[in-house]
Amino acid sequence: VGALVVACALLTRWIKLSLHQLVAALAGVVLLARAPVVGTALLALLPALGWSRVALERHRWSEVLVGTAVGALAGFVLRHVA
């Protein structure tokens, strides 16, 4: 988690990641192993969450997509390393 916070802080210099998307993607990927129904539901809600971040003008689509990718990658690493 500490490495993820540092990575986000470094990336923020160039792009404002959607941390909402990042955390939801991370949790969804991790939960797929422990609670598949909950993990799948959370991942299915990612498009609606992304749309809301853009509609509220908090982020651009590129920021939402990068946040989702970073979160999913972190979840994958966490699932397979821990």
Side-chain angles (χ1 to χ4, degrees):
V1 172
L4 185 59
V5 170
V6 170
C8 289
L10 292 173
L11 286 172
T12 299
R13 185 175 194 171
W14 296 281
I15 186 170
K16 181 184 169 199
L17 295 178
S18 172
L19 297 180
H20 288 85
Q21 287 289 121
L22 187 145
V23 172
L26 173 99
V29 170
V30 170
L31 285 172
L32 280 175
R34 298 277 184 181
V37 173
V38 177
T40 302
L42 188 54
L43 292 174
L45 290 173
L46 283 175
L49 178 61
W51 171 83
S52 72
R53 301 309 294 160
V54 173
L56 291 171
E57 298 180 357
R58 300 293 186 206
H59 293 285
R60 295 184 311 257
W61 278 111
S62 60
E63 297 165 340
V64 168
L65 294 174
V66 172
T68 303
V70 170
L73 178 63
F76 180 79
V77 168
L78 188 59
R79 249 179 80 180
H80 291 87
V81 171

Heavy-atom closest pair, residues [X] and [Y]:
{"X": "Leu42", "Y": "Ala27", "value": "CD2-CB, 3.6 Å"}
{"X": "Gly50", "Y": "Val64", "value": "CA-CG1, 3.6 Å"}
{"X": "Cys8", "Y": "Leu17", "value": "SG-CD1, 3.9 Å"}
{"X": "Ala25", "Y": "Ala72", "value": "CB-N, 3.7 Å"}
{"X": "Leu4", "Y": "Ala74", "value": "CD1-CB, 4.0 Å"}

Could you tell me the separation between the [atom1] atom of [X] and the [atom2] atom of [Y], rounded to the nearest 0.5 Å?
{"X": "Leu49", "Y": "Leu43", "atom1": "CG", "atom2": "CG", "answer": "11.5 Å"}
{"X": "Glu63", "Y": "Leu22", "atom1": "CD", "atom2": "CG", "answer": "13.0 Å"}
{"X": "Ser18", "Y": "Arg58", "atom1": "OG", "atom2": "CZ", "answer": "11.5 Å"}

- prompt: So, Thr40 side chain and Val37 main chain: donor-acceptor pair closer than 3.5 Å or not?
  reply: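 No, Thr40 side chain to Val37 backbone: no donor-acceptor pair under 3.5 Å.
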Contacts of Thr68 that satisfy side chain to side chain donor-acceptor pair (under 3.5 Å) - sequence neighbours left out: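 In terms of side chain to side chain donor-acceptor pair (under 3.5 Å), with neighbours along the sequence ignored, Thr68 is linked to Gln21.
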field: Partners passing salt bridge (Lys or Arg N to Asp or Glu O under 4.0 Å) against Arg79 (at least two apart in sequence or in another chain)
entry: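 Checked Arg79 against salt bridge (Lys or Arg N to Asp or Glu O under 4.0 Å); zero matches.
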message: I'd like to check Leu73 versus Val29 (side-chain heavy atoms, cut-off strictly below 4.5 Å). Are they in contact?
response: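 When only atoms from C-beta onward are counted, Val29 and Leu73 do not touch, as no gap falls below 4.5 Å.
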Pairs where residues 28-57 contributes a residue and the test salt bridge (charged side-chain N to carboxylate O under 4.0 Å, His left out) is met, not counting sequence neighbours: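 Pairs touching residues 28-57 that pass the test: none.
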message: Other members of the hydrophobic cluster containing Val6, with the 4.5 Å side-chain heavy-atom rule, please.
response: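 Its cluster partners, ordered by chain and number, are Leu10.
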task: Any chance you could pull the hydrophobic cluster mates of Val30, using side-chain heavy atoms under 4.5 angstrom and chaining through other members?
output: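 Val30 shares its hydrophobic cluster with Leu78.
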- request: Apply side chain to side chain contact (heavy atoms under 4.5 Å, CB included) to Ser62 and list each qualifying residue two or more places apart in sequence or on a separate chain.
  value: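 Expected list: Ile15, Arg60.
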query: Can you name the residues that form a side chain to side chain contact (heavy atoms under 4.5 Å, CB included) with Val38, not counting sequence neighbours?
result: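 Val38 satisfies side chain to side chain contact (heavy atoms under 4.5 Å, CB included) with Leu31, Ala35 once adjacent residues are dropped.
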- request: Please list all pairs passing the ring-ring contact (aromatic ring centres under 6.0 Å, His included) test where one or both residues lie in residues 45-78, with sequence neighbours left out.
  value: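 Checked against ring-ring contact (aromatic ring centres under 6.0 Å, His included) - neighbours excluded - the pairs reaching residues 45-78 are Phe76-His80.
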message: Starting from Val70, can I reach Val23 by hopping between I/L/V/M/F/W/Y residues whose side chains sit under 4.5 Å apart?
response: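 Per the 4.5 Å side-chain linkage, Val23 and Val70 are co-clustered.
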